[in-house]
Amino acid sequence: MTKHSSISISGTPATADREALVLIHAPVGRDGPLLREVLERGQVRALVCPSFDDLIRELEAGADAVFIAEEALTGSAVSRLHQILVQHRPLLDLPITVLTIRGEPSQALAERLSRFDILGGVALLERPARGDTLLSAAQTALRARRKQYEVRKRDAELQIITDNVPALIAYVDRDMVFRRVNRMYLEWFQMRASDVIGRSVIEVRGKERASLAQPYLDQVLRGVHVSYETRIPDKGGELRDLSVSLAPDVDDDGHVRGFVSVANDITERKRAERMSHERANRLRFLNELGEAARCLNDPAGVIRLIVGMTAAELGAPRCTFSEVGPDSLTVHVKYSLAPEGSPQPASYWLPEFGARVIHLLQSGQQLVVSNAASEFASIEGLAGFQNSETGAAIVSPILDQGRLVAILAVHGPEPRDWTASEIELMSSVSDRCWAYIQRARAESELQESESRFRTLADGMPNLAWMAAADGRIFWYNQRWRDYAAGRTLTEFEGWGNQAPDNPEWRKSLTAGKPFESVFPIRDGNGVSRLFLTRVSPVLDPENRIIRWFGTNTDIDGQMQVEDELRRANEELEEFAYVASHDLQEPLRMINIYSQLLLKRLGPSESREYADFARYISSGVHRMEELIRDLLTYSQVTHSNGEVIVTRANLARSVQLALANVDGRINETDARVVVAGSLPVVAGDEGQFGHVFQNLLSNALKYRKPEIIPDIRITVRRRSENWDIRVQDNGIGFEQDQAERIFGLFKRLHREDYPGTGLGLAICRRIVERFHGHIWAESQPGAGSVFHIELPIVEEA
């Protein structure tokens with residue numbers, strides 16, 4: 001048997017490098033060889049099959065067309081040929097040309113050929129036929145076969161596309177018969193293609209479902225695009241929401257040949273929409289409940305409001321709010337809404353409802369009962385539901401610091417299937433209602449205590465007052481009235497003469513933060529005295545400001561004492577400045593004469609005298625360094641009125657500092673990196689340069705042995721300040737020493753590193769006089785980070 005590639009049993013077309021093959025079976029005479037000779041002259045590849053068995057074998061191997069003589073089509077031959085074609089579906093449309101003797105087949109042959117009606121590719125050709133007729137018939141058959149391959153290929157591509165679309169796709173013809181469905185359609189309904197293709201809509205979908213879709217089917221068969229939503233059970237029997245689109249298939253003459261149905265599963269989207277709608281309704285109700293509860297200061301009134309609104313929202317015949325006794329088992333009903341004649345006990349005992357109910361409620365879990373008779377039939381607790389005539393309920397526990405303190409319940413005598421939204425709503429209400437009740441109790445207690453408070457406040461030595469949430473003062477204590485004697489208190493309303501335009505107070509009102517300030521207040525005689533004013537917000541349980549409480553403390557005498565101390569400090573600073581300046585001259589004289597003494601003694605004198613002289617020189621050097629640093633500190637302190645604050649470019653300050661420590665940098669091979677653009681601040685570039693010089697010197701001094709110093713200067717904007725960081729990889733220090741190192745003459749590592757202990761004190765003095773702040777962070781062995789925080793100066 002010769003194998004060919006024109007068509008395989010799977011229906012794959014011949015490869016491009018093979019000619020199409022025509023099989024010829026004419027067992028009588030020379031018709032077969034002659035036909036083959038004619039075809040091959042026309043460049044059509046042909047193969048003669050001497051026997052019918054040869055024809056069958058070659059068909060199984062593959063062929064694009066068949067020529068067969070009428071006399072070979074015996075009854076058994078037709079049966080075998082029909083069988084092989086039906087078994088191999090790609091051969092069903094194989095072109096077959098029957099060579100007849102008279103053009104028309106005999107009655108017997110016609111009956112036999114009728115079995116090939118399903119093939120649709122049988123042609124008759126009368127013998128003898130001209131060569132060009134035979135060649136034309138073969139070429140026509142091969143062209144038809146190529147067309148079939150193209151159609152089959154496009155059909156396969158279309159099937160691949162539709163199989164990979166996440167939708168249920170079907171093509172139905174005008175007779176309402178399925179002609180094509182995609183893979184998702186079959187999987188969704190758990191069917192095989194044979195269960196659908198070639199069957200009517202009624203057979204596949206059922207009469208009831210088809211009748212529901214009939215109005216839409218009638219429209220699409222009239223050429224109208226139709227879209228609608230429906231609910232259809234899937235393979236598991238679950239009802240799913242589908243969005244269906246029907247598009248008519250219209251030919252060139254405008255006739256509807258059928259339609260395409262595309263259905264998308266929108267169950268999750270519809271569920272999300274329903275949940276969103278339910279959530280919106282729940283939020284609306286909770287907002288309405290909250291607003292209504294905030295208007296009440298009576299705890300009993302708040303409880304009645306919560307019970308009434310909750311019962312109405314859920315359509316429940318009964319709703320009860322109860323508080324739980326200290327034993328966590330006795331429940332006292334505070335308010336119950338129920339139809340007339342319903343049992344309304346004043347209290348009940350939780351063990352009547354069983355251990356399971358007690359466990360759920362005391363652990364803060366909701367109890368949801370749809371049918372008490374069936375759900376509690378086999379466990380304890382049914383008696384409690386029967387005694388209270390409860391068939392269904394949602395019971396929401398309320399816990400305070402882990403203890404069961406109250407219970408909110410909706411219930412009724414008949415069974416009821418509660419929805420997830422209803423259960424969630426009850427949970428949300430119970431989460432909020434205790435806060436509403438506690439707020440009302442606090443308000444009630446506050447009103448009761450206000451009279452006691454006012455009695456105490458009137459006896460205070462301070463001026464005291466209260467203001468509404470918007471800052472309007474509505475009450476003054478007796479001390480205030482005495483201070484304002486001779487003037488009406490209406491003059492002080494709002495703020496009266498208490499800094500009416502104070503922007504910080506306005507900020508505190510807006511932010512709800514405490515306020516503190518010092519300003520003068522005139523008494524009834526028009527004399528002003530300085531007062532320290534402190535104002536704090538009074539909050540409700542939900543942290544909302546309900547009023548402000550303020551005090552004014554007379555600090556006029558204290559301020560006078562502080563002024564005297566300030567003047568004394570200034571005089572002391574003046575003395576330190578003069579002393580540190582004038583001490584330099586005597587030291588210079590000591591150093592000069594000690595050097596002269598060394599020269600006078602000469603090398604012949606004892607080495608002991610030379611050592612004494614070196615000790616004097618070393619001590620003088622340390623004293624000079626100490627006085628120089630003390631002078632710098634004094635200059636910074638003393639020059640409050642001399643330095644003019646300008647726009648200081650910190651980049652230039654760093655450059656100045658780097659130039660001053662350049663020798664040390666080169667000596668240690670240190671790496672100094674300035675990352676980012678340093679800002680312009682309010683201050684003095686020279687003094688900031690001194691700050692950076694001190695920090696760089698410290699980083700170079702306290703470096704790790706054998707480790708190259710790595711110093712980074714970075715900047716970051718934080719709120720209203722710049723945070724400039726100087727970070728090193730040095731020896732570091734304990735964090736609890738971070739504040740001590742900024743003190744006067746405070747030094748760590750005294751034994752190993754030289755210094756006076758004034759450098760960081762000078763840095764702090766400079767930074768603070770320009771309204772900044774400096775601090776340090778460190779760990780031993782992990783280096784140090786010095787932060788310089790300076791106010792941001794907005795661009796002009």
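The shown structure was predicted, so the numbers you read here are calculated from the model rather than taken from an experiment.
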Please check if atom [atom1] in [X] has more than 12 non-hydrogen atoms from other residues, nucleotides or ligands closer than 6.0 Å.
{"X": "His773", "atom1": "NE2", "result": "yes"}
{"X": "Glu288", "atom1": "CD", "result": "yes"}
{"X": "Lys507", "atom1": "NZ", "result": "no"}

Indicate yes or no for a side-chain donor-acceptor contact from [X] to the backbone of [Y] under 3.5 Å, with no hydrogens or angles considered.
{"X": "Ser697", "Y": "Gln693", "result": "yes"}
{"X": "Asp728", "Y": "Ser784", "result": "yes"}
{"X": "Asp684", "Y": "Ile766", "result": "no"}

Any [X] side-chain heavy atom under 4.5 Å of [Y] side chain:
{"X": "Glu777", "Y": "Gln735", "answer": "yes"}
{"X": "Leu296", "Y": "Tyr436", "answer": "no"}
{"X": "Ile545", "Y": "Leu539", "answer": "yes"}
{"X": "Phe515", "Y": "Trp548", "answer": "no"}
{"X": "Arg529", "Y": "Phe531", "answer": "yes"}
{"X": "Ile713", "Y": "Leu695", "answer": "no"}
{"X": "Ile792", "Y": "Arg717", "answer": "yes"}

Query raised in the report: Can you name the one residue among Gln655, Arg647, Arg652 that meets side-chain hydrogen bond (donor to acceptor under 3.5 Å, both in side chains) with Glu685?
Result: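 Single pass found, and it is Arg652.
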Using a strict 4.0 Å threshold on nitrogen-to-oxygen distance, state whether [X] and [Y] make a salt bridge.
{"X": "Glu443", "Y": "Arg294", "answer": "no"}
{"X": "Asp540", "Y": "Arg439", "answer": "no"}
{"X": "Asp723", "Y": "Arg725", "answer": "yes"}

Query - Intermediate values then yes/no, side-chain contact (heavy atoms from CB on, under 4.5 Å), Glu789 and Trp775 - result: CA-CA 9 Å; Glu789 192 173 81; Trp775 73 95; 3.8 Å; yes
Query - Cation-aromatic face contact Arg716/Trp722, 6.0 Å, 45 degrees - result: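 No; the conditions do not both hold, so Arg716 does not lie above the ring face of Trp722.
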Report task. With side-chain contact (heavy atoms from CB on, under 4.5 Å) as the test, would you mind laying out the steps for Leu790 and Leu650 before giving the verdict? Result -> CA-CA 11 Å; Leu790 294 169; Leu650 294 186; 4.1 Å; yes
**Report entry** Short side-chain donor-acceptor distance under 3.5 Å, Glu291 and Asn287
**Finding:**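 No - no donor-acceptor pair under 3.5 Å links their side chains.
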**Report entry** Side-chain H-bond candidate by donor/acceptor type, Asn698 with Asn694, under 3.5 Å
**Finding:**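 No, no side-chain donor-acceptor pair sits under 3.5 Å.
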From [X] atom [atom1] to [Y] atom [atom2], the distance as rounded to the nearest 0.5 Å:
{"X": "Asn552", "Y": "Trp465", "atom1": "CG", "atom2": "CH2", "answer": "6.5 Å"}
{"X": "Ile711", "Y": "Arg703", "atom1": "CD1", "atom2": "CZ", "answer": "10.0 Å"}
{"X": "Asp298", "Y": "Arg441", "atom1": "CG", "atom2": "CZ", "answer": "10.5 Å"}
{"X": "Asn729", "Y": "Lys704", "atom1": "CG", "atom2": "NZ", "answer": "6.5 Å"}
{"X": "Asp431", "Y": "Leu399", "atom1": "CG", "atom2": "CG", "answer": "10.5 Å"}

Report task. Go through Ile306 and Val429 one step at a time and tell me if the side-chain contact (heavy atoms from CB on, under 4.5 Å) criterion holds. Result -> CA-CA 8 Å; Ile306 292 170; Val429 173; 4.0 Å; yes
Requested in this report: Measure centre to centre between the rings of Tyr702 and Phe733, then say whether the value is under 6.0 Å.
Outcome: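 No, ring centres 6.0 Å or more apart.
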